[in-house]
**Q** 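Have a look at this one.
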Protein chains: 2
Amino acid sequence: MVRWEPGAGGRLREAAMELYVERGFEQTTVAEIAQRAGVTARTFFRHFADKREVLFAGSDDLLAALTRAVAEAPAEASPMTVVAAVLDVAGGLLGQDHERTRQRQSIIEAHPELQERELIKLARMSAGVAEGLRERGVPAPEAALAAEAGLAVLRVAFGGWVSASDPGDLRVAMRETLAALRKVTAS
Amino acid sequence: MVRWEPGAGGRLREAAMELYVERGFEQTTVAEIAQRAGVTARTFFRHFADKREVLFAGSDDLLAALTRAVAEAPAEASPMTVVAAVLDVAGGLLGQDHERTRQRQSIIEAHPELQERELIKLARMSAGVAEGLRERGVPAPEAALAAEAGLAVLRVAFGGWVSASDPGDLRVAMRETLAALRKVTAS
DNA sequence: AGCGTGATGTCACTTGATGACATGACCATA
DNA sequence: TATGGTCATGTCATCAAGTGACATCACGCT
């Protein structure tokens, strides 16, 4: 006889998504999430640092992929070229599962606490990319600027892609938005 | 005899800053802040929505100043020119009181919860500027990009200015950083 | 004097979050 | 087979954040 079903983390993620959709974020308690997942509230907090974190489970993987993309970019590439490569990777990873992403994003946009968490995750991405650029020999301010510019592109492109009724490839949107950024900043 | 000393909000801000410096953010309770300010914990929450907000009291004024700067920019100015004007205003307001700002920032940087709050405040600035640009007739994606680019400049310039041992005028740093952004994105 | 208003205090309560300890399935190894 | 360790979980206790409801009382106005 099993003492507990495996995969508690995944079940908690599912349950949380469902409940956040059904009643909203503040209206659902951790106890309810845990109950639906068949575990205790205490177990919830062993899998996720807090009630918000459950919506941002994949972000560590994304960060890792982005920093890898920085490291693996051609040595002669300019900082913005590296950032473009990073955006391509990000677009590939974020641009799957439009419907699910859209649902998740609508939860986040309805709750400032969740937006805060999302913003700090994105800030960590930017910081990670900047650090990677510095390790490639890019001077610190230039690295930070390139990374922040990339973040600007990502935010705008992703926002448009999520809210689009007929979304194309997010990577394409990223490239177009990067081009638009170049045009805007040049004016 | 006065029933209570006026200026509870200001006293709470002072007390919170002091305690956050003395023991760190999580180690100080709202009850302690309130006690030092001579009020009740309940009163703290009447002045500030939560324990973090007390560090971001001026941000509404800043946002208002920035949106005003957008509205008051010359009609023929390009989006990035408007953003440059906004950055000048931001630099003027944020660039006072280096020592106090530095202290406040060191508290924020030591606590992710506070970084989250700061990021959402900045995101609101960006959103406000973008909205102002749209009201000037700038197409939505371009407006968002210009505002986000401005935010990138602000973050990098402000970060450098805060950590500088001998800070110059933040507005100058803003202009230089904006020029650097133009150079970086153009590569 | 009477009256409303506004900032505060008091109390009770829910919920998020954490520490300490117990439990029992699973695994390796003697 | 037995023994012991590990790991995920449960249980219990506790603290602190945050909120709603109601009382209080100085002040200004009429």
Side-chain angles (χ1 to χ4, degrees), chain A residues 1-57 60 107-108 110-118 120, chain B residues 1-57 107-108 110-118 120-121:
Chain A
M1 189 180 99
V2 287
R3 170 118 191 261
W4 62 79
E5 296 299 322
R11 292 203 311 280
L12 284 165
R13 269 200 295 276
E14 296 288 331
M17 269 282 286
E18 291 169 18
L19 287 166
Y20 291 171
V21 169
E22 288 174 20
R23 344 187 166 168
F25 176 74
E26 322 97 68
Q27 275 65 43
T28 99
T29 72
V30 171
E32 289 168 338
I33 300 171
Q35 185 179 12
R36 183 170 295 203
V39 295
T40 301
R42 192 65 184 86
T43 291
F44 178 94
F45 288 108
R46 289 204 179 92
H47 284 264
F48 305 100
D50 57 50
K51 199 182 158 187
R52 300 173 232 170
E53 196 67 16
V54 67
L55 275 179
F56 299 90
D60 280 354
I107 303 174
I108 293 175
H111 302 283
E113 308 167 73
L114 295 172
Q115 294 171 39
E116 289 184 338
R117 182 55 50 88
E118 181 172 54
I120 204 172
Chain B
M1 191 181 100
V2 287
R3 172 115 189 263
W4 62 77
E5 296 299 323
R11 292 203 312 279
L12 284 165
R13 269 201 295 277
E14 296 288 330
M17 269 284 283
E18 290 169 17
L19 285 165
Y20 292 170
V21 169
E22 287 173 21
R23 344 186 167 169
F25 177 73
E26 322 97 69
Q27 275 65 44
T28 98
T29 73
V30 170
E32 290 167 339
I33 300 171
Q35 186 179 12
R36 182 168 296 202
V39 294
T40 301
R42 192 65 185 86
T43 291
F44 177 94
F45 289 108
R46 290 202 178 92
H47 284 264
F48 305 100
D50 57 48
K51 196 183 158 186
R52 300 173 230 170
E53 197 66 17
V54 66
L55 275 181
F56 300 91
I107 303 175
I108 293 175
H111 301 284
E113 306 168 72
L114 294 172
Q115 293 169 41
E116 289 184 336
R117 182 56 51 88
E118 181 173 53
I120 205 173
K121 296 291 184 187

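Just so you know, these numbers come straight off a predicted model, no measurement behind them. Just so we're on the same page: letters track the sequence lines, and every chain starts at 1.
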**Q** Starting at CD of B/Gln35 and ending at P of C/dT10, how long is that distance when rounded to a whole Å?
**A** 13 Å
**Q** Measure from the side chain of A/Thr43, starting at C-beta and using heavy atoms only, and say which of D/dG18, D/dT9, D/dG20 lies closest.
**A** D/dT9
**Q** CZ of A/Arg42 versus P of C/dG19: gap in Å, rounded?
**A** 7 Å
**Q** Got a second to check how far B/Asp50's CG is from B/Phe44's CZ, nearest 0.5 Å?
**A** 7.5 Å
**Q** Write down the distance between NE2 (B/His47) and C1' (C/dT8), rounded to a whole number of angstrom.
**A** 8 Å
**Q** Out of D/dG18, D/dT9, C/dG9, which nucleotide sits closest to the side chain of A/Arg46?
**A** D/dT9
**Q** Taking CD from A/Glu113 and P from C/dT15, how many angstroms apart are they, rounded to a whole number?
**A** 14 Å
**Q** Tell me, with the steps shown, if A/Lys51 and A/Glu113 meet salt bridge (charged side-chain N to carboxylate O under 4.0 Å, His left out).
**A** CA-CA 10 Å; A/Lys51 199 182 158 187; A/Glu113 308 167 73; over 6 Å; no
**Q** In whole angstroms, how far is the P atom of C/dA17 from the NZ atom of A/Lys51?
**A** 8 Å
**Q** Measure CZ/B/Phe48 against C1'/D/dA17 and give the value in whole Å, please.
**A** 16 Å
**Q** Just wondering, more than 12 heavy atoms not from A/Gln35 lying within 6.0 Å of its CD?
**A** no
**Q** Between P on D/dA17 and CZ on B/Arg52, what's the gap in Å once rounded to a whole number?
**A** 12 Å
**Q** Taking only the side-chain heavy atoms of B/Asp50 (C-beta and beyond), determine which of D/dG18, D/dA21, C/dA17 contains the nearest atom.
**A** D/dG18
**Q** Taking atom C1' of D/dG10 as reference, at what distance in whole Å does atom CZ of A/Phe45 sit?
**A** 15 Å
**Q** Taking the inter-plane angle between the rings of B/His111 and B/Phe25 on a 0 to 90° scale, is it parallel (under 30°), tilted (30 to 60°) or perpendicular (over 60°)?
**A** tilted
**Q** Looking across every strand, which nucleic acid part, if any, lies under 4.0 Å from B/Ala49 by heavy atom: base, sugar-phosphate, or nothing?
**A** sugar-phosphate
**Q** Using a 4.0 Å heavy-atom cut-off across all strands, classify B/Thr40 as base, sugar-phosphate, or nothing.
**A** base
